[in-house]
**Student:** 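Structure in structure tokens, see below.
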There are 2 protein chains.
Amino acid sequence: MIDHAPPIQPLPKVRQGQQLKALLRLRELLLSGEVAPGERVAEIPLAARLAVSRTPLRLALVTLEHEGLLAMLPGGGFVVRDFDPADIADAIELRGVLEGTAARLAAERLTSPKALAPLLASVEVMEPLVRIAHPGLVDFEAYVAANETFHARLLDLAKSPMLRRAMEQAMALPFASPSSFVLTQADRPESREILFLAQAQHRAILQAIERREGARAEALAREHAQLAKQNLQLALGDTELLATVPGGALIRRDSPVGKRRHAS
Amino acid sequence: MIDHAPPIQPLPKVRQGQQLKALLRLRELLLSGEVAPGERVAEIPLAARLAVSRTPLRLALVTLEHEGLLAMLPGGGFVVRDFDPADIADAIELRGVLEGTAARLAAERLTSPKALAPLLASVEVMEPLVRIAHPGLVDFEAYVAANETFHARLLDLAKSPMLRRAMEQAMALPFASPSSFVLTQADRPESREILFLAQAQHRAILQAIERREGARAEALAREHAQLAKQNLQLALGDTELLATVPGGALIRRDSPVGKRRHAS
DNA sequence: CGCAGGATTGTTGTATGCAATTTTGCCAAA
DNA sequence: TTTGGCAAAATTGCATACAACAATCCTGCG
């Protein structure tokens, strides 16, 4: 029994020690909005807050700048970035393009139908969860997990370290992640229908890859991402909903009631 | 006077001082191969060589890791990465996909024909340079400059900061840059023909955007990138040629004599 | 002679002190 | 009241010292 395709180059992109602590805690602070967008990130108090010294903190700052959550200031130092709805939409569009490419490459580079087993497995996990006839509430947690697995396996099938890098970079912004807006419809009555549509697309993508129909696979994966964009539009109208999405605190809605800009 | 404009738009992604010096010099050392692929990067001697201290050097190391030129080691520290032909091909493919998206967005988001002026200007600069009837040698330097301008203006027209980010990341690998393999054909007799073809694609992309034919613009931009892939194949067979391309020292050819591994 | 254990050396990760530059606050002058 | 400039304060950037960790080599024992 062979675990499927191992990574070609096991690159340990993982920091360790204080630097990792700073990175994780600060990222959490940013995504939760505890350190607000527009706010200048002061190193010394932040280092104290994170219980690390300035040196590893500074490394983490540079990393987060590359991830896109921070921006450099002309005079030095960093600010917390924010994103307007157009940015979010473009981020999702971009993910769609990259996933489309992954799907196409998966189709073009498929060697044996057996290689599709992991992808198929994730699809089959989701299948019963989205059945419209299925009684009770949707198990969103299980769906999200399987959904992310699906997208991860799809990326595996593309067999392209370069594409993987690009995808990781694109999904560093949390609201660009495949499942980011799934939970926004947890309470909506039509949620099951939407998930059913998404699942239909999953199956279609799988089929297209299996038949080596690269162009179709690409188009389907792109359209799949449009679903997220649609959910974004819904969420933008509902402040509470927006607060539940991962990086929701970073989304700037152009003055719904009044412009609020507070430092700390 | 709190008449603040909200935009944090102007992102000065520019380092300064010692950090910048370390970044530029080290990047140069990496691209030229003076610090060879596979080699572990020792901080202390390198700091001495670059005439900076370890602190700014370390920041530069993290940056270069994000750019993809370095990789972290499990025990700590960094190695110089290398890339096999399949990686290069995928990098070019990826650039094609992103530029295709830029072209499509440019078409979809075009407001006025006047906005095309900068793109048109760069096309017209190249026009006389590639005329087959044109006497004398091709002015490659001028062509490369105008070509890069073309691709930069195209990215402008997409009006998408997110796409810009992705593109910058993808082109951090120098051989993925639009002009990287142009110079490899400087001596070839058919160079003018190839450049003429490329220019025809430039014109076609411009026209498609002008007519707001997004799908066509995307397909053309993708095909345009295929030209670079073709030049890559040529360069892979010629060691001397490969040495002239920007990041050529980073390309690993599995065996000296014409061994080519098909990436599919 | 081989292997294991330990000391030693070299390297990276972290902390802190210092210098330089930017920002801020204040006061004076138009 | 506004503006210009100057000084003080705070913050970033840099350098170095120290600590922890890993690899290596030597030595002693089996």
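Residue numbers begin at 1 in each chain, while the letters A, B, ... track the order of the sequences.
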**Student:** Relative to the 5' end of DNA chain C, which residue comes earlier, A/Val52 or A/Gly76, by the nucleotide with the nearest heavy atom?
**Tutor:** A/Val52
**Student:** Looking at the side chain of A/Arg40, which of C/dA15, D/dT11, C/dG17 is the nearest nucleotide?
**Tutor:** D/dT11
**Student:** Within less than 4.0 Å of OP1 or OP2 of D/dT12, is there a side-chain N or O belonging to A/Arg58?
**Tutor:** no
**Student:** Please pick, from C/dG13, D/dA15, D/dT12, the nucleotide with the shortest atom-to-atom distance to any side-chain atom of A/Glu43.
**Tutor:** D/dT12
**Student:** With side chain to side chain contact (heavy atoms under 4.5 Å, CB included) as the criterion, how do B/Thr63 and B/His66 come out once you've worked through the C-alpha distance, each side chain's angles and the decisive distance to 0.1 Å?
**Tutor:** CA-CA 5 Å; B/Thr63 297; B/His66 276 94; 5.8 Å; no
**Student:** Quick one, B/Ser179 with B/Asn147, criterion side chain to side chain donor-acceptor pair (under 3.5 Å). Give me CA distance, side-chain angles, the key distance, then yes/no.
**Tutor:** CA-CA 7 Å; B/Ser179 312; B/Asn147 186 43; 3.2 Å; yes
**Student:** At less than 4.0 Å, is any side-chain N or O atom of B/Gln19 found next to OP1 or OP2 of D/dG13? Yes or no.
**Tutor:** no
**Student:** Looking at B/Glu141, I'd like to know if its CD atom is crowded, meaning that more than 12 non-hydrogen atoms belonging to other residues, nucleotides or ligands lie closer than 6.0 Å.
**Tutor:** no
**Student:** Between D/dT12, C/dT16, C/dT12, which nucleotide has the shortest distance from any of its atoms to the side chain of A/Ala42?
**Tutor:** D/dT12
**Student:** Walk me through it: do A/Arg165 and B/Glu67 pass the test salt bridge (Lys or Arg N to Asp or Glu O under 4.0 Å)?
**Tutor:** CA-CA 10 Å; A/Arg165 269 181 54 82; B/Glu67 287 184 9; over 6 Å; no
**Student:** Report yes if a side-chain nitrogen or oxygen of B/Arg54 is closer than 4.0 Å to either non-bridging phosphate oxygen (OP1 or OP2) of D/dA15; otherwise report no.
**Tutor:** no
**Student:** Kindly say if A/Ser53 contacts the phosphate of C/dA15, meaning a side-chain N or O under 4.0 Å from OP1 or OP2.
**Tutor:** yes
